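Reading through the structure tokens given below for one structure.
Keep in mind that what you see is a predicted model, and the values were worked out from it rather than measured.
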Amino acid sequence: MNLTARTFVLCLALLGMGGCASTQSGTVPDPYEDVNRKIFAFNDALDSKVLAPVARGYDAVMPAPVDRGISNFFANLYDFNGAINGILQWRWRGVAQNSGRFLVNSTVGMLGFIDIASEMGIPPYRTDFGHTLARWGADPGPYLMIPFFGPRTLRSGGGFVADTFISVQGLAIDSWATRIALYGVEVIDSRAAVLDAESLISGDRYIFIRDIYLQQREAFVNDGVVQDSFSDFDEDFEWEE
């Protein structure tokens, strides 16, 4: 089952930036559920009291073309990371795609604010270092809920740290304040894009977010293929937009 981009962004926006995860034989590796639920409650409260209100204000004042340009800008930064991870994965087609996109969008596309590469028919290769670790045979490890940053696994947490250091921000920007500011804008921009999407969540919010996150990440590291479904999803649930 392929998840929609909107559902993936919802998970990121509600609970921070995510990493990698997968399942084995339909089981969810969540040995720390009691602690994870407490952290989830903290993150959820932070979203409702701080992030969501800020995102509503951002959405109210931000013109649509500027908002789209900001989203393109951050996507361009991920293309840089994707090119490096493509090299580490020995996937040279992905390296060529993301390198070409980053070069074109960073120059003709005015630092990525205009996605010229997509208009030229150059698709992105979506990947990260968590994906690279999976390609190298690393197990996902237990599911973790991290304060402020949201869902992770042991593998994805290490991948996120590595991606932070090999990113454009990590390599070209010395100021941590600037890096944090960029990350904050990215999170707010993503949250604003899904202000009306909370209605997708049903039942136990923790299980819903956990399962949808793990399943999306399984598809991510397996190039779009999901082998198992999760217990708390309604079989008749429609994922198509």
Side-chain angles (χ1 to χ4, degrees), residues 2-9 11-13 16-22 65-138 140 149 151-153 155-174 178-179 181-183 185-187 189-190 193 213 216-226:
N2 292 323
L3 302 186
T4 64
R6 182 177 67 173
T7 307
F8 173 44
V9 174
C11 294
L12 298 184
M17 301 303 296
C20 287
S22 68
V66 177
D67 184 34
R68 184 165 56 251
I70 292 173
S71 298
N72 290 341
F73 171 79
F74 287 112
N76 188 51
L77 298 182
Y78 283 111
D79 283 338
F80 177 86
N81 274 71
I84 294 178
N85 280 292
I87 293 173
L88 297 174
Q89 296 168 18
W90 215 250
R91 288 187 162 183
W92 299 106
R93 181 176 180 179
V95 174
Q97 289 173 199
N98 281 14
S99 296
R101 287 179 57 84
F102 184 75
L103 178 62
V104 170
N105 286 341
S106 296
T107 54
V108 182
M110 300 175 62
L111 299 179
F113 283 94
I114 304 175
D115 187 3
I116 301 296
S118 291
E119 296 178 8
M120 295 173 60
I122 307 175
Y125 172 51
R126 300 301 187 194
T127 188
D128 56 27
F129 196 74
H131 186 192
T132 298
L133 291 175
R135 293 275 297 173
W136 290 351
F149 293 97
R152 290 290 194 278
T153 64
R155 180 177 67 194
S156 74
F160 176 76
V161 172
D163 276 323
T164 299
F165 283 98
I166 65 176
S167 65
V168 174
Q169 303 95 304
L171 295 174
I173 299 176
D174 293 330
T178 303
R179 295 177 190 175
L182 283 172
Y183 176 76
V185 173
E186 180 183 8
V187 171
D189 181 69
S190 297
Y213 172 81
Q216 188 279 332
R217 294 305 299 179
E218 182 186 17
F220 188 67
V221 301
N222 289 294
D223 301 320
V225 178
V226 176

Under the side-chain contact (heavy atoms from CB on, under 4.5 Å) test, which residues partner [X], sequence neighbours left out?
X: Val185; result: Ile70, Phe74
X: Ala138; result: Leu133, Arg155
X: Val95; result: Ile87, Trp92, Ser99
X: Met120; result: Val104, Ile116, Ile122

Looking only at atom types and distance, does a side-chain atom of Asp115 sit under 3.5 Å from a main-chain N or O of Asn72, one as donor and one as acceptor?
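Looks like no, no N/O pair under 3.5 Å.
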Whether Arg152 side chain and Gly157 backbone form a donor-acceptor pair below 3.5 Å:
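Such a contact is absent between Arg152 side chain and Gly157 backbone.
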My understanding is that only residues two or more places apart in sequence, or in another chain, count here; which of them pass side-chain hydrogen bond (donor to acceptor under 3.5 Å, both in side chains) with [X]?
X: Gln89; answer: Tyr125, Thr127, Thr132
X: Thr178; answer: Ser175
X: Ser106; answer: Asn76

Would you mind listing every salt bridge (charged side-chain N to carboxylate O under 4.0 Å, His left out) that reaches into residues 86-98, with sequence neighbours excluded?
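As it turns out, the salt bridge (charged side-chain N to carboxylate O under 4.0 Å, His left out) pairs with a partner in residues 86-98, which skip direct neighbours, are Arg91-Asp223.
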Name all pairs fulfilling the salt bridge (charged side-chain N to carboxylate O under 4.0 Å, His left out) condition that reach into residues 73-87, sequence neighbours left out, sorted by first residue then second.
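Counting only pairs at least two positions apart or across chains, the salt bridge (charged side-chain N to carboxylate O under 4.0 Å, His left out) contacts touching residues 73-87 are Asp79-Arg101, Asp79-Arg126.
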Test salt bridge (charged side-chain N to carboxylate O under 4.0 Å, His left out) applied to [X] - qualifying residues, sequence neighbours left out:
X: Arg135; value: none
X: Asp189; value: none
X: Asp163; value: none

Considering all heavy atoms of both residues, which atom of [X] and which atom of [Y] are nearest to each other, and what is their separation?
X: Phe165; Y: Val161; answer: CD1-O, 3.1 Å
X: Ala162; Y: Phe129; answer: CB-CD2, 3.4 Å
X: Tyr213; Y: Ser156; answer: OH-OG, 4.2 Å
X: Ile166; Y: Phe80; answer: O-CE2, 3.2 Å

Enter the distance from [X]:[atom1] to [Y]:[atom2] here, rounded to the nearest 0.5 Å.
X: Ile173; Y: Leu171; atom1: CD1; atom2: CG; result: 10.0 Å
X: Glu186; Y: Leu77; atom1: CD; atom2: CG; result: 7.5 Å
X: Asp128; Y: Asn85; atom1: CG; atom2: CG; result: 6.5 Å
X: Asn81; Y: Gln169; atom1: CG; atom2: CD; result: 7.0 Å

Counting only heavy atoms from other residues, nucleotides and ligands, does the tally under 6.0 Å from CH2 of Trp136 exceed 12?
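Check passes, neighbour count above 12.
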Is any side-chain heavy atom of Gln216 less than 4.5 Å from a side-chain heavy atom of Phe220?
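The answer is yes; the side chains approach within 4.5 Å.
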Could you check if a side-chain atom of Leu182 sits within less than 4.5 angstrom of a side-chain atom of Phe73, using non-hydrogen atoms only?
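In short, these two side chains touch, coming nearer than 4.5 Å.
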